[in-house]
Novice: 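Can you keep this structure in mind? I'll have questions shortly.
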Amino acid sequence: MIHLLFGTEDFLIAEKKKELCRVEGVSISSFDMRETSLASALEDAQMSDLFGGKKIVFLNDSYFLTGDTSKKITHDTDALLDYLESPNPDSTVVLVVNNEKLDKRKKVVKELLQKATSTFEAKPLYNAEKWLVERCKVYGKTLTRQAAVIMQQQLGKDLFLLDTELTKLVLAVDNPTISEKDLEGVLSRTLEGDVFKIVDHVIYKRSEALEILDDLFRLGHDSIQILLILAGQFRLIHQVKAIHELGESPKNILKGIHHYRISMAEEQCKLYSIEDLQQRLKDCAELDLQMKRGYCDKVIALETLILKWL
């Protein structure tokens, strides 16, 4: 058998590789195709296992199937064409391509797509909520949609991170259903998630904004990076406010932004005028310039800006 795995979502590829390895008594070989010739890897696939069992041979980073022109090692793709004609029935060859596209102009790619036992494309997930809900079922529990929304909002779309945090929740929560209340004190903190909390505290005039900011400084986060995320969130709130004043729906116009973030911005923008939000963005732009030119102490300047907003 010959399987082709390609795409940029490494977690999904890793999961597919685990699935293929769930065969009792199988031996596994792995080759880095930037270090090993294709002929050598396929020679291993053609050889019978020492103990007469089945074997899986992973050809990792098979970049020669893409448009990558780097030639750290020269691959004889005719060797793969020959193997496709006469594969070893006791071996499963898995070609792994960490790229979103295959070069379908190449003869070897055309033949592989026709003759592979299976082809798996690991596309990045635009919306990780559904994946989180389904993944939680694998662990024997139910994750509410709102909890999934918050997890994506605070942690982003890194499936490795999301899966790690989900595993922690499954172990920490005794109930069969994991709700948003269960996330508190369990989810790992991320810079973006903490900055969103700062914005929320600033908008509602809560001093906790400074406490979170001090925590971020203690954790070694850069002031300019924090400021950029702050500015990005206020920019979104400004856009939502402007769209509302035009009588339109932000969710219909702001494509590519999660509806949860837009819903939060819709609530937050009620406390500001367009002029107020424009001033916030101007404050961010001016401080960014001062920081980059070295005109101020970055930490003190950012704390001062937050105090001004409170």
Side-chain angles (χ1 to χ4, degrees), residues 9-11 14 124-125 128-129 131-132 135 143 146-173 178-238 257-258 260-261 264-265 267-268 280-310:
E9 185 47 77
D10 293 340
F11 181 88
L125 299 182
E129 287 169 32
W131 179 87
L132 277 165
R135 185 71 176 176
L143 182 72
Q146 188 61 18
V149 167
I150 293 172
M151 285 185 70
Q152 179 176 306
Q153 170 72 17
Q154 293 191 11
L155 301 173
K157 298 178 184 177
D158 182 337
L159 297 190
F160 283 104
L161 175 59
L162 288 172
D163 190 58
T164 298
E165 295 301 310
L166 190 57
T167 304
K168 283 166 53 179
L169 283 165
V170 168
L171 294 173
V173 178
I178 300 172
S179 67
E180 59 180 297
K181 291 181 180 179
D182 297 316
L183 306 184
E184 295 181 18
V186 179
L187 285 189
S188 296
R189 293 174 61 176
T190 63
L191 174 59
E192 193 170 72
D194 278 347
V195 174
F196 288 158
K197 290 177 184 176
I198 289 175
V199 171
D200 201 54
H201 289 315
V202 164
I203 287 170
Y204 294 104
K205 308 293 183 183
R206 295 191 293 249
S207 61
E208 288 93 331
L210 289 170
E211 295 173 14
I212 297 174
L213 184 63
D214 287 341
D215 281 346
L216 292 179
F217 289 147
R218 280 195 293 271
L219 291 169
H221 289 296
D222 180 64
S223 299
I224 293 178
Q225 190 178 11
I226 295 170
L227 179 63
L228 288 175
I229 300 174
L230 274 172
Q233 188 61 13
F234 274 112
R235 190 174 299 111
L236 174 61
I237 297 169
H238 177 267
I257 300 175
H258 198 281
Y260 176 72
R261 285 190 64 195
M264 283 185 62
E267 289 301 313
Q268 293 166 337
R280 292 285 186 276
L281 292 173
K282 183 180 178 182
D283 290 342
C284 290
E286 289 176 350
L287 182 55
D288 180 60
L289 187 62
Q290 291 175 15
M291 285 180 170
K292 289 176 178 176
R293 290 182 174 178
Y295 292 166
C296 62
D297 181 294
K298 296 176 185 177
V299 172
I300 294 174
L302 188 52
E303 287 180 334
T304 302
L305 179 62
I306 298 296
L307 273 171
K308 172 185 172 183
W309 289 343
L310 293 175

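Residue numbers run from 1 in the order of the sequence given. No experiment lies behind these values; they were computed from the predicted model shown.
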Novice: Side-chain contact, heavy-atom cut-off 4.5 Å: Leu161 with Phe11?
Specialist: no
Novice: Check whether any side-chain heavy atom of Glu165 lies under 4.5 Å from a side-chain heavy atom of Leu183, and answer yes or no.
Specialist: no
Novice: Assess the residue pair Leu216 and Val195 against the criterion (side chain to side chain contact (heavy atoms under 4.5 Å, CB included)); give the C-alpha distance rounded to whole Å, side-chain angles, the decisive distance to 0.1 Å, and a yes or no.
Specialist: CA-CA 9 Å; Leu216 292 179; Val195 174; 4.2 Å; yes
Novice: What pair of heavy atoms forms the shortest contact from Val299 to Asp297, and how long is it?
Specialist: N-OD1, 3.1 Å
Novice: For a 4.5 angstrom cut-off between non-hydrogen side-chain atoms, does Phe196 reach Met264?
Specialist: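 Not in contact.
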Novice: List the steps, then state whether side chain to side chain contact (heavy atoms under 4.5 Å, CB included) holds for Asp194 with Ile198.
Specialist: CA-CA 6 Å; Asp194 278 347; Ile198 289 175; 5.6 Å; no
Novice: Measuring from Cys296:SG to Leu289:CG, what's the distance to the nearest 0.5 Å?
Specialist: 9.5 Å
Novice: Any chance you could measure Lys298, atom NZ, to Gln290, atom CD, to the nearest 0.5 Å?
Specialist: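 Lys298 NZ to Gln290 CD: 12.5 Å, rounded to 0.5 Å.
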Novice: Is there a side-chain contact between Leu230 and Arg280 in this structure, where contact means two heavy atoms from C-beta onward sitting under 4.5 Å apart?
Specialist: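 The answer is no, as the side chains (C-beta and beyond) never meet within the 4.5 Å cut-off.
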Novice: Any chance you could measure Ser207, atom OG, to Leu307, atom CG, to the nearest 0.5 Å?
Specialist: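 Here the rounded value is 10.0 Å.
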Novice: If you count the non-hydrogen atoms of other residues, nucleotides and ligands that lie under 6.0 Å from NZ in Lys181, is the total more than 12?
Specialist: no
Novice: How far apart are the closest heavy atoms of Ile212 and Lys197, and which atoms are they?
Specialist: CD1-CB, 3.7 Å
Novice: Nearest 0.5 Å please: distance from the CG atom of Leu166 over to the CG atom of Leu187.
Specialist: 9.5 Å
Novice: Strictly by side chain to side chain donor-acceptor pair (under 3.5 Å), give each pair with a member in residues 217-229 just once, sequence neighbours left out.
Specialist: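 Qualifying pairs, neighbours excluded: Asp215-Arg218.
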Novice: Rounded to the nearest 0.5 Å, how far apart are NZ of Lys308 and CG of Leu305?
Specialist: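 It comes to 6.5 Å.
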Novice: With a 4.5 Å cut-off on side-chain heavy atoms, are Leu159 and Asp10 touching?
Specialist: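 A side-chain contact under 4.5 Å is absent here.
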Novice: For Gln233 and Gln268, work out which heavy atoms get closest and say how close.
Specialist: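 Shortest heavy-atom contact: NE2-OE1, 3.9 Å.
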Novice: Would you say the side chain of Lys157 lies within less than 4.5 Å of the side chain of Leu125, judging by non-hydrogen atoms?
Specialist: no
Novice: Specify the closest pair of heavy atoms between Ala265 and Leu236, including all atoms of both residues, with the distance to one decimal.
Specialist: CB-CG, 4.2 Å
Novice: Do Val186 and Val173 pass the side chain to side chain contact (heavy atoms under 4.5 Å, CB included) test, and can you show the C-alpha distance, the side-chain angles, and the key distance before you say yes or no?
Specialist: CA-CA 9 Å; Val186 179; Val173 178; 5.7 Å; no
Novice: Can you name the salt bridge (Lys or Arg N to Asp or Glu O under 4.0 Å) partners of Glu267, sequence neighbours left out?
Specialist: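 Salt bridge (Lys or Arg N to Asp or Glu O under 4.0 Å) check on Glu267 returns Lys270.
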Novice: Just wondering, do Ile203 and Val199 contact through their side chains at under 4.5 Å, heavy atoms?
Specialist: yes
Novice: Side chains of Asp283 and Leu287: does their closest heavy-atom pair fall under 4.5 Å?
Specialist: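 They are not in contact (no side-chain heavy atoms under 4.5 Å apart), so the answer is no.
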Novice: Rounded to the nearest 0.5 Å, what's the gap from CZ on Arg261 to CD1 on Ile237? Could you check?
Specialist: 9.5 Å
Novice: Considering non-hydrogen atoms only, spot the tightest contact between Leu162 and Ala128 and give its length.
Specialist: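 Scanning both residues completely, I find the closest heavy atoms to be CD1-CB, 3.9 Å.
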Novice: Examine distances only and state if a side-chain atom of Asp182 and a backbone atom of Ser179 form a donor-acceptor pair shorter than 3.5 Å.
Specialist: yes
Novice: Assess whether side chain to side chain contact (heavy atoms under 4.5 Å, CB included) is satisfied between His201 and Leu310, documenting all intermediate values.
Specialist: CA-CA 9 Å; His201 289 315; Leu310 293 175; 5.8 Å; no
Novice: Which atoms form the tightest heavy-atom contact between Ser188 and Leu155, and what is the distance?
Specialist: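 Looks like O-CD2, 3.5 Å.
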